[in-house]
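Note sheet for the following structure.
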Amino acid sequence: MSFRNLWRSSNFLKWASRHLSYNSGGNEFIPFDGLVSARRCEARRSLLVEVAAMGSALDLYQVCSEFGTIRQMFHYKTKATSGPREMILIEFADSLFLEKVLKGAVYPTQNSSIIPVHSPLVWLAASKKSKPTNHTLHSGTADLPVPFTSEEKNNDVELLQNLFHCSDISQQIQTLYDYQKLTELGWRLRFFTCRQIERALSGLFPQASVLPFGSSVNTFGRRNCDLDMILELTDDDEKTDNNRLVFQAKKSRAAANPRITMQRHMEVISDVVDNFIPGCSQVRKILGARVPIIKYYQDFTGIECDLSMTNKSGFYMSEMLYIYGCMDPRVRPLVFTIRCWAKDRHVTSVFAGRWITNFSLTLLVLFYLMRTSPPVIPPLQVLINLAGSSDRRETSGIDCTFLRDLNIVTPSENQDSLETLLRGFFEFFSNFNFKERGFSIVSGNDFVKPEHKALYIQNPLERELNVSRNVTFEELDRLNTEVSNARYLLEGLEPYTGESQSEPWGILHLCNSSAHPIALKAGNISIDWKEFFTRDELSGSVPSKKKSVTVNTTV
Ligand code: CTP
Ligand code: MG
């Protein structure tokens, strides 16, 4: 029975309870709304402090705990425009404690070039009273009475060794995901970065919200992914109907054209970000784009940021992807591996252009998982049909309603391994007729393309739009070629024998340069990694050390 007929049939709910795939892998499902609001509260209680070194943690704890209870502390190093910095993120038990700290904080001493901005970003000055501490890096943290985590940068050599030692391709896919997914600190710093802008604008706009969306929250983001943010000046949910006291407000000068109004507002906000907000560097306005954005780099959190003010559909789109990621534990590792392969083969790029984006690529994976037998995940229309009144959302006339509580659905009957699904993905799309057909994750079906574009992927929320209309015929050909190459490469792999491997194997063939430290650092560089490690280093029997290598740049 096709999905379309299924939705109409009276047996639908019975079918849904059998086929809807929710298997969180033993973890309790956290609704997206709950996750976002908990993380925003955490950010409201958080202070980011620049320190001389990790050893300052105890000193910092003593200074801050005078203002209220501290819950936990995180240390990391970041590369700011002006050089490396060491930072500690402190979470207080209550946002009132943070406000007390900020009330007590002082501005840098008389320097006319300093702009005295009040923000939850401070630095710890050397104490005038106490003698220099003898704390070494670790003794400064060992005595801390609260949980303390220090996050190192990705150790790519370790990843490579782990991938080498996995027992099968499925384990490699899972390892790649576990290693590259956003960490706890990564989540916190992203919400903190949003909060910094929200707080800066709160004097004029106390209801303003800055919400993260895209790969930072849809759970398909790598550790170093950029941060997409949406700024809304008012809170949609605030009810004012019965209130007779109405704020005096200015009328926008270009009220007839909402796009021009938004561009003007963004100009002003961009200037505020550029001139006043600590740590925001390399601020650029890209206001002529279909979605106007302000781009900047947040030096203290080390995050590339894209701030927009358009409708909230991108946020709901992220919620939809989040839900699919939670439905089955295989979805995220598979998406990560396909993204990693695409990056390695230059099918995607960090720059916007005529190639497929990570977002479209994710829809490709979801569509495939709807077409396996039995399906791993259901089409979006199934989730729309199951939505209740609390699931209703709408933004700028776009209906974003779908089931948001996965607790009522049961696991998929599909038992395929990650390896089978990865092979299946490449096989499925090497046979897909992209030239004539497009597809929809709403219906889970493919159809004759309604427009003459190389690639047609229906936008799941604004259904008359094609999310991949930027892709050229030339880039589609490259995608097709790479998909077929990946398929044959996987088909030609020797089966894993269980013995210690002495050659690269499995997904190291697919994602090798992405997993390689030099390539990761340098971007578009491909390298013969065999030259880089000796076999013993790869098998882990001796500690790895870098050797000089010849690097081929294939941009
Ligand atoms: N988006 C959308 N409609 C599009 C393109 C994007 O709604 N046509 C939303 C999606 O929620 C997407 C988000 O905007 O996740 C951010 O887009 P982008 O930064 O291109 O993708 P990411 O998923 O964030 O991936 P990346 O890691 O490459 O940034
Ligand atoms: Mg993004």
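Both counts, for ligands and for their atoms, begin at 1 and track the order of listing.
A salt bridge links Glu42 and Arg39; the closest N-O separation between the charged side-chain nitrogens and carboxylate oxygens is under 4.0 Å. Between Arg345 and Glu475 no salt bridge is recorded (no basic side-chain N to carboxylate O distance below 4.0 Å). A salt bridge does not link Glu474 to Arg478: none of the charged side-chain nitrogens sits closer than 4.0 Å to a carboxylate oxygen. The pair Glu198-Arg44 meets the salt-bridge criterion, with a side-chain N (NZ, NE, NH1 or NH2) lying under 4.0 Å from an Asp/Glu carboxylate O. Salt bridge present: Asp477 and Lys435 bring a charged side-chain N and a carboxylate O closer than 4.0 Å.
Close approach of ligand 1 to Ser318 (heavy-atom distance below 4.0 Å) involves ligand atoms 11 (O). Shown in contact with Asn218 at under 4.0 Å from a heavy atom are these atoms of ligand 1, numbered in order with element: 15 (O), 23 (O). Applying the 4.0 Å criterion to heavy atoms of Asn358 picks out, from ligand 1, the atoms 25 (O), 26 (P), 27 (O), 28 (O). Less than 4.0 angstrom separates some heavy atom of Met317 from each of these atoms of ligand 1: 2 (C), 7 (O), 10 (C), 11 (O). Within the listing of ligand 1, atoms 29 (O) sit less than 4.0 angstrom from a heavy atom of Asp226. Every atom of ligand 1 with a heavy atom of Asp228 under 4.0 Å away is listed here by number and element: 16 (C), 19 (O), 24 (O).
Protein heavy atom at the shortest distance from atom 11 (O) of ligand 1 is Gly314 O, 3.1 Å. Closest to atom 15 (O) of ligand 1 among all protein heavy atoms lies Gly214 CA, 3.4 Å. Closest to atom 8 (N) of ligand 1, if we only count protein heavy atoms, is Val467 CG1, 3.8 Å.
Protein heavy atoms are absent from the 4.0 Å sphere centred on atom 20 (O) of ligand 1.
Considering backbone and side-chain atoms alike, Ser215 places an N or O below 3.5 Å from some N or O of ligand 1. Looking at Thr357 next to ligand 1, no N or O pair under 3.5 Å apart turns up.
For Arg469, the CZ atom sits in a loose shell: 12 or fewer heavy atoms of surrounding residues, nucleotides or ligands are nearer than 6.0 Å. Around the CZ atom of Arg259, the shell of radius 6.0 Å holds more than 12 heavy atoms that belong to other residues, nucleotides or ligands.
Of the possible polar contacts, one joining the Ser417 side chain to the Thr420 backbone as a donor-acceptor pair under 3.5 Å is found.
Annotation: cation-pi geometry not satisfied between Lys453 and Tyr456 (NZ/CZ under 6.0 angstrom from ring centroid, within 45° of ring axis). Remark: Arg330 fails to qualify as a cation-pi partner of Tyr177 under the 6.0 Å distance and 45° angle criteria applied to the six-membered ring.
For residues 377-403, there are no ring-ring contact (aromatic ring centres under 6.0 Å, His included) pairs, not counting sequence neighbours.
Within the 6.0 Å centre-distance limit, the rings of Phe434 and Phe429 are counted as a close aromatic pair.
Counting only protein N, O or S atoms closer than 2.8 Å to the Mg ion (ligand 2) gives 2.
The side-chain contact (heavy atoms from CB on, under 4.5 Å) test with Tyr324 is passed by exactly one of Leu383, Leu369, Val376, Thr362: Leu383.
Heavy-atom distances between Arg339 and ligand 1 reach below 4.0 Å in at least one pair.
The heavy atom nearest to atom 2 (C) of ligand 1, considering only Phe213, Phe359, Phe220, is found in Phe359.
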